[in-house]
Amino acid sequence: MAQLFTNNATTTLLADITDTDTVITVPTSEGALFASPAGADFQLVTLSYAGVFEIVTMTSRTADSLTVVRAQEGTT
């Protein structure tokens, strides 16, 4: 298991998400800004909206769809 990193990866969401969504879609081709975790690898990603931050663990990425585990490191 390895934590993966990308420098200065910033994008927007393609659509609003709910607090239970575990797949987050970003605009076309912007998924490539992030790592491509495989197996037990992962990347931490920070979501922000109106001054509220949530850390999620991205466990996989298929093109522009990020599969995440929500509410990490005490965030909601």
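Each residue takes its place number in the sequence, starting with 1.
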Legend entry - Derivation and outcome, side-chain contact (heavy atoms from CB on, under 4.5 Å), residues Asp64 and Val26: CA-CA 5 Å; Asp64 300 313; Val26 298; 4.0 Å; yes
Using a 3.5 Å cut-off and no angle test, enumerate the donor-acceptor pairs between side-chain atoms of residues 32-44 and protein atoms at least two apart in sequence or in another chain.
unit_1: Ser36; atom_1: OG; unit_2: Arg61; atom_2: NH2; d: 2.6
unit_1: Asp41; atom_1: OD1; unit_2: Ala2; atom_2: N; d: 3.1
unit_1: Gln43; atom_1: OE1; unit_2: Ala35; atom_2: N; d: 2.9
unit_1: Gln43; atom_1: NE2; unit_2: Thr6; atom_2: OG1; d: 2.8

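- Summarising the geometry, atom CG belonging to Leu66 is positioned 6.5 Å from atom CD1 belonging to Ile24; distances are rounded to the nearest 0.5 Å.
- Taken together through direct or relayed side-chain contacts under 4.5 Å among Ile, Leu, Val, Met, Phe, Trp and Tyr, Leu13 and Met58 form part of one hydrophobic cluster.
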Inset, instruction - Could you check Leu47 against Val56 for side-chain contact (heavy atoms from CB on, under 4.5 Å), going step by step and ending with a plain yes or no? - result: CA-CA 7 Å; Leu47 306 177; Val56 299; 3.9 Å; yes
Inset, instruction - Could you please spell out the steps behind the side-chain contact (heavy atoms from CB on, under 4.5 Å) verdict for Asp19 and Thr76? - result: CA-CA 8 Å; Asp19 60 350; Thr76 56; over 6 Å; no
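- Both Val68 and Ile17 belong to a common hydrophobic cluster when Ile, Leu, Val, Met, Phe, Trp and Tyr are linked at side-chain heavy-atom distances under 4.5 angstrom.
- Looking at every heavy atom in both residues, Asp21 comes nearest to Thr18 through OD2-N, 2.7 Å.
- Nearest approach of Arg70 to Gln72, heavy atoms of both residues: O-NE2, 3.0 Å.
- Contacts of Thr22 classified as side-chain hydrogen bond (donor to acceptor under 3.5 Å, both in side chains), with partners at least two apart in sequence or in another chain: none.
- Listed by first and then second residue, the side-chain hydrogen bond (donor to acceptor under 3.5 Å, both in side chains) pairs involving residues 23-33 are Thr11-Glu30 (not counting sequence neighbours).
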